[in-house]
Number of protein chains: 2
Amino acid sequence: MNLKELSKHLGISQTTVSRALNGYPEVSEATRARVIAAANEHGYSPNTRAQGLATGHSRCIGHVISEGDSGEMVNPIFGDFMAGAGETYAAHGYDMMVTRVGQGDEADIYRRLKARGAVDGLVMHAPRFDDSRLPVLTELGLPFVVHGRSSGASTPYSYLDVNNRSAFHEATQHLTSLGHRRIALLNGQEQLDFAIRRRQGYEQAMEEAGLPVDPTVMTQGEMTEDYGYQNAMTMLDMPEPPTAFLVSSIICAAGVRRALDDRNLRPGEDVSIATFDDCLSYFRNSAAQPVFTAMQSSVRAAGATLARMLVDRINDPTAPHTHTLWEAEFVAGASTGPIKD
Amino acid sequence: MNLKELSKHLGISQTTVSRALNGYPEVSEATRARVIAAANEHGYSPNTRAQGLATGHSRCIGHVISEGDSGEMVNPIFGDFMAGAGETYAAHGYDMMVTRVGQGDEADIYRRLKARGAVDGLVMHAPRFDDSRLPVLTELGLPFVVHGRSSGASTPYSYLDVNNRSAFHEATQHLTSLGHRRIALLNGQEQLDFAIRRRQGYEQAMEEAGLPVDPTVMTQGEMTEDYGYQNAMTMLDMPEPPTAFLVSSIICAAGVRRALDDRNLRPGEDVSIATFDDCLSYFRNSAAQPVFTAMQSSVRAAGATLARMLVDRINDPTAPHTHTLWEAEFVAGASTGPIKD
DNA sequence: TGCCCATTCCAAAGCGCTTTGGCAAGCTGT
DNA sequence: ACAGCTTGCCAAAGCGCTTTGGAATGGGCA
């Protein structure tokens with residue numbers, strides 16, 4: 001059933017049917033009611049492509065997900081972020097298009113998406129330091145928002161970010177206040193902006209506490225469970241092992257926990273673990289009482305809010321850029337405790 | 001830059017430009033080369049919507065993801081599955097549209113996607129027993145494939161599934177052969193078809209070994225880490241606790257591991273854990289040597305293959321249905337061992 | 001009654017592409 | 001030299017919608 005058929009069936013012009021369905025005022029309420037009833041009855045939904053052609057926009061949002069460095073890793077936060085964003089899009093009548101792409105080809109994909117008129121806006125994920133995608137997107141003139149920030153960017157852009165620096169500053173302070181002096185940092189890949197900021201927060205707190213920043217207990221990498229395990233194992237076998245671990249993801253933290261277990265060390269007693277927690281739906285940390293002491297911020301909520309920011313931006317592309325910075329919430333869990341002497 | 005402009009710029013009709021770009025033979029190779037060069041130079045990509053309107057298909061695949069029962073949980077396999085599917089789509093020139101929807105509204109979404117002409121095909125996720133979405137999709141006449149199977153379905157459909165029954169049969173046999181007689185099953189939600197089959201495999205192996213199937217050590221639910229932990233804790237506190245756990249997901253298995261840890265039990269020595277392993281990229285189980293004894297099957301590979309099946313089906317919708325059944329691979333890990341006496 | 005203005009509707013153009021049906025050359029074979 | 005191809009190109013229709021610019025209809029008012 002298309003517009004023409006529906007209008008013929010109603011004995012009304014296509015114009016009127018279209019207007020009735022789109023809420024234009026030039027239609028009597030009686031006619032509108034008739035039209036809507038008939039549309040429902042026949043399960044009519046306007047053809048997306050025709051509608052898009054006529055209006056010039058697609059009512060579709062693009063998410064371009066780059067492969068990790070290894071070309072294999074899928075960011076575990078992906079699902080929850082999308083779930084949040086998806087809710088917003090559904091509420092605003094947008095579709096969501098996901099494109100995965102090898103790192104380095106993003107700019108090309110952006111350009112093509114724009115040229116094809118496939119999307120009305122884009123969400124940029126996992127910004128790196130001085131990210132080269134930013135100028136490309138700006139130049140394209142396609143509305144976009146960024147999940148995270150890119151230090152060193154020269155053009156303004158809208159973003160939603162967690163205050164990673166303060167989160168790691170606070171987590172480090174928590175550990176130092178418990179007496180820990182040798183605190184390992186298992187960070188994400190430090191070409192990613194959030195990891196840089198986390199490191200800065202950590203380093204600043206260490207220095208404020210008069211503690212040395214020791215590169216031998218600081219690592220970066222893709223945040224898998226095994227990454228947490230391997231690095232923790234290595235460090236636990238050092239002559240002077242860390243007494244606390246500050247970890248960038250709850251998935252890694254699980255790996256660290258496994259390492260402690262292997263070494264017969266109890267988290268929160270022998271060794272402390274603090275972690276960032278994205279509130280992943282399948283790895284909740286607050287069910288009864290939190291397993292991990294953590295800095296929490298829901299990535300699902302971030303998805304929903306960022307999507308909303310993008311929708312607003314599409315509706316008014318000339319509006320000033322929006323910057324949203326969320327503070328992660330400190331949650332005391334069972335994985336940290338005073339240092340043993 | 002659109003077709004009209006490009007053709008004007010080349011001094012050639014739109015017809016010829018279109019044909020040159022789409023590989024039709026009615027164009028001299030000299031002209032084709034000129035056209036392609038100009039298209040690249042100006043970064044011309046045909047407008048997706050216009051192309052779709054004219055051809056009648058969207059070159060877009062829909063994935064409709066239902067919320068879990070709780071309305072919160074995002075399936076952790078989602079990201080890896082999408083990554084695999086995305087590769088296939090990219091290679092075949094398809095876009096990927098993701099729609100999240102509350103459980104129960106799927107049929108409506110399917111209908112609407114079809115009516116709007118938004119997608120050329122659909123992937124159905126997480127089929128339930130005698131799933132009501134199946135007849136809806138069949139009736140719609142939109143090409144679709146299923147990730148998993150639906151027992152009791154009366155109409156034929158194409159699917160890719162893991163042989164969950166044999167996987168759990170084999171895993172259970174492994175445990176019984178180690179002398180375990182009291183084996184807990186931490187299953188996924190048993191309205192989902194795969195969970196039913198897993199249970200059947202488990203029950204069959206138990207019966208074959210002459211062991212009782214005891215509902216008090218069998219649970220079902222959303223496969224979170226905490227689900228694994230809570231249920232393992234409960235069971236470990238039983239008067240006659242299980243000596244082995246068979247778990248439906250590596251995420252849950254991590255939770256079980258944590259429970260053992262809490263009770264000062266060593267996996268593979270005091271208590272065994274075997275699990276299904278989807279080869280999630282952020283939770284690899286085979287890095288050096290497998291942590292968990294597992295039945296492995298890559299969900300990313302499943303995504304890629306299933307997507308390919310769908311593309312084929314779209315190209316020839318009348319072809320007989322394809323059934324792909326993968327056997328999970330047994331991997332001996334450190335989490336199982338002979339029963340202690 | 002006649003005029004004007006809302007109200008309500010419509011015909012047709014246009015969005016950017018593909019595709020049908022044809023036409024003009026340039027070849028072939030006789 | 002000419003019919004009959006093939007080759008290479010084009011004009012125009014059409015995909016299903018929105019939107020512009022009118023055009024009827026009917027009520028209010030002088």
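Letters A, B, ... mirror the listed sequences (proteins, then strands); counts begin at 1. Hydrogens, waters and symmetry mates are skipped; everything else that's a heavy atom, side chains included, is used.
Checked options B:I65, B:N75, B:V299; the residue passing with B:F81 is B:V299 (criterion: side-chain contact (heavy atoms from CB on, under 4.5 Å)).
For A:T16 and C:dC10, the shortest distance from a side-chain N or O to OP1 or OP2 is below 4.0 Å. A sub-4.0 Å separation between OP1 or OP2 of C:dT8 and a side-chain N or O of A:T31 is absent.
For the pair A:D161 and A:T324, the minimum side-chain heavy-atom distance is 4.5 Å or more. Using a 4.5 Å heavy-atom threshold, the side chains of A:F144 and A:L134 count as touching.
Heavy-atom contacts of chain B under 4.0 Å fall on DNA chain D between two terminal nucleotides, which in 5' to 3' order are D:dG8 to D:dG16.
Side-chain N or O atoms of B:T305 include none that pairs as donor or acceptor with a backbone N or O of B:A302 at under 3.5 Å.
Judged by closest nucleotide on DNA chain D, B:V27 is the one of B:V27 and A:N47 placed further toward the 5' end. The 5' end of DNA chain C is approached more closely, in terms of each residue's nearest nucleotide, by A:T55 than by the other of B:T15 and A:T55. Projected onto DNA chain C by closest heavy-atom contact, B:A50 and A:E29 fall at different nucleotides, the more 5' of which corresponds to A:E29. Residues B:V17 and B:L53 both approach DNA chain D. Their nearest nucleotides, taken by heavy-atom distance, put B:V17 toward the 5′ side.
With rounding to whole Å, A:L10 atom CG is found 14 Å from C:dC9 atom C1'.
Between B:H125 and B:H63, the ring planes lie tilted relative to each other; the angle falls in the 30° to 60° range. The aromatic rings of B:Y159 and B:H323 lie parallel to each other, with less than 30° between the two planes, well short of the 60° mark.
Within 4.0 Å (heavy atoms only), B:R49 reaches no atom of the nucleic acid at all. The residue B:Q51 sits close only to the backbone: its heavy atoms come under 4.0 Å of sugar-phosphate atoms, none of a base.
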